[in-house]
Amino acid sequence: MRSWNRLYLTLILLFSLPAHADKDISGSFSTAKRWAEKHIYHDKRLSFYCGCSYTANKDVDQTSCGYTPRKPFTSTGKENTRDNRIEWEHVLPASLMGNHLACWGADRGKFSQCVKSDGKLYSGRKCCQRVNDVFRKAHNDLVNLVPAIGEVNGDRFNHRYGIVPGEPRKYGQCDFEFEDNVAEPAASIRGDIARMQIYMLETYGPELGFYV
């Protein structure tokens, strides 16, 4: 059985950081990702959903886990590079935490920080990161970030976790399925997912007004 429980290691790390470090990490998504790479997953480079090995440059070794790309080429015929690289996945989707906030929807233009110099609006996610301190901290919380193959990350999108009848495998030996807006992860990581979601709900749910 794969040993995942990175949540506990992450929590220990966070509580042992200097007082200013938490503020620095949560200040930007890029900083949070760098911390995850260098301080949490640097010695255990396995993708969360598929258990694939990856390098320090975030290149995926597909043979290490029997991964087969679902869509090796894009609609324009180009190679789909997302099936060979690691991205950072929000286990609890950012949209669930923020799509009900004013900074996410059509009214985000009321926030000056969300209007670009050319008059266009930033996305709801980026707007909320700019104007809502609690959302920004939740969005960049290391407990909720895991390394995932880009293709799987994209297919998971913001679908809720659940059971997919028949478990149609779309990525070779990778035990991850999605169908009809439901994503089913491997049984070995469901406990980690549940603990991450409970942590996020208890830490940010009351202030942001979301539930799992």
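Predicted, not measured: the structure shown is a model, and the values here were computed from it.
- A heavy-atom distance below 4.5 Å is found between the side chains of Cys52 and Ile149.
- The side-chain hydrogen bond (donor to acceptor under 3.5 Å, both in side chains) test applied to Thr68 returns no partner, not counting sequence neighbours.
- Screening residues 93-114 for side-chain hydrogen bond (donor to acceptor under 3.5 Å, both in side chains), with sequence neighbours left out, gives Ser95-Asn158.
- Remark: Arg34 pairs with no residue by the salt bridge (Lys or Arg N to Asp or Glu O under 4.0 Å) rule, at least two apart or across chains.
- Not counting sequence neighbours, the partners of Glu87 by the salt bridge (Lys or Arg N to Asp or Glu O under 4.0 Å) test are Arg82, Arg85.
- A heavy-atom distance below 4.5 Å is not found between the side chains of Ser47 and Val60.
- Cys103-Cys114 SG separation is not under 2.5 Å; the pair is not scored as a disulfide.
- Across every non-hydrogen atom of Tyr199 and Asp141, the tightest pair is OH-OD2, 2.8 Å.
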* Determine, stepwise, if the pair Arg70 / Val152 fulfils side chain to side chain contact (heavy atoms under 4.5 Å, CB included). => CA-CA 9 Å; Arg70 180 183 69 83; Val152 178; over 6 Å; no
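- Panel note: side chain His90, backbone His139; a donor-acceptor pair is recorded below 3.5 Å.
- Arg160 approaches Val212 most closely through the heavy-atom pair NH1-C, 3.8 Å.
- Through direct or indirect side-chain contacts shorter than 4.5 Å among Ile, Leu, Val, Met, Phe, Trp and Tyr, Phe111 is connected to Val131.
- The aromatic rings of Tyr49 and Tyr161 sit tilted relative to each other, their planes meeting at an angle between 30° and 60°.
- Cys174 has its SG atom 2.5 Å or further from the SG atom of Cys65.
- A search for side-chain contact (heavy atoms from CB on, under 4.5 Å) contacts involving Ser123 returns Arg125, Lys126, not counting sequence neighbours.
- Chaining together hydrophobic side chains whose heavy atoms lie under 4.5 Å apart leaves Tyr122 on its own.
- In this view, Arg156 and Glu89 satisfy the salt bridge (Lys or Arg N to Asp or Glu O under 4.0 Å) rule, not counting sequence neighbours.
- Clustering ILVMFWY residues whenever any of their side-chain heavy atoms sit less than 4.5 angstrom apart, transitively, puts Val91 in a cluster other than the one holding Val182.
- Asp192 has its side chain within reach of Met196: a pair of non-hydrogen atoms, C-beta onward, lies under 4.5 Å apart.
- Residues satisfying the side-chain hydrogen bond (donor to acceptor under 3.5 Å, both in side chains) test with Ser30, not counting sequence neighbours, are Ser28.
- Between Met97 and Asn132, every side-chain heavy-atom pair lies at or beyond the 4.5 Å cut-off.
- Residues Arg195 and Val143 have side chains not in contact (no heavy-atom distance under 4.5 Å, counting atoms from C-beta outward).
- Across every non-hydrogen atom of Gly162 and Pro185, the tightest pair is O-CD, 4.5 Å.
- Nearest heavy-atom pair across Glu184 and Val164 is OE1-N, 2.6 Å.
- Between Val115 and Gly109 the shortest heavy-atom distance is CG2-O, 3.7 Å.
- Residue Lys78 qualifies as open at atom NZ: its count of foreign heavy atoms under 6.0 Å is 12 or below.
- In this structure the side chain of Phe135 reaches within 4.5 angstrom of the side chain of Leu208, judged on heavy atoms.
- With a 4.5 Å cut-off on side-chain heavy atoms, Phe210 and Leu201 count as touching.
- With rounding to the nearest 0.5 angstrom, the CE atom of Met200 is 5.5 Å from the CG atom of Leu92.
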* **side chain to side chain contact (heavy atoms under 4.5 Å, CB included) evaluation trace for Ile189 with Phe176** => CA-CA 11 Å; Ile189 61 172; Phe176 179 89; over 6 Å; no
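- For Ala32, the side-chain contact (heavy atoms from CB on, under 4.5 Å) test picks out Ile25, Asn140, Leu142, Leu145, with sequence neighbours left out.
- With respect to the salt-bridge test (charged N to carboxylate O, under 4.0 angstrom), the residues Lys170 and Glu179 qualify.
- Tyr67 and Glu151 form a side-chain donor-acceptor contact under 3.5 Å, judged by distance and modelled atom types alone.
- Annotation: side-chain hydrogen bond (donor to acceptor under 3.5 Å, both in side chains) contacts involving residues 52-65, sequence neighbours excluded, comprise Glu37-Lys58, Asp61-Thr63, Gln62-Asp83.
- Between Tyr171 and Pro69, the closest side-chain pair of non-hydrogen atoms is not below 4.5 Å.
- Closest approach of Ala187 and Asp175 over heavy atoms only: N-OD2, 4.5 Å.
- The aromatic rings of Phe178 and His159 lie parallel to each other, with less than 30° between the two planes, well short of the 60° mark.
- In this view, Glu207 satisfies the salt bridge (Lys or Arg N to Asp or Glu O under 4.0 Å) rule with no residue, not counting sequence neighbours.
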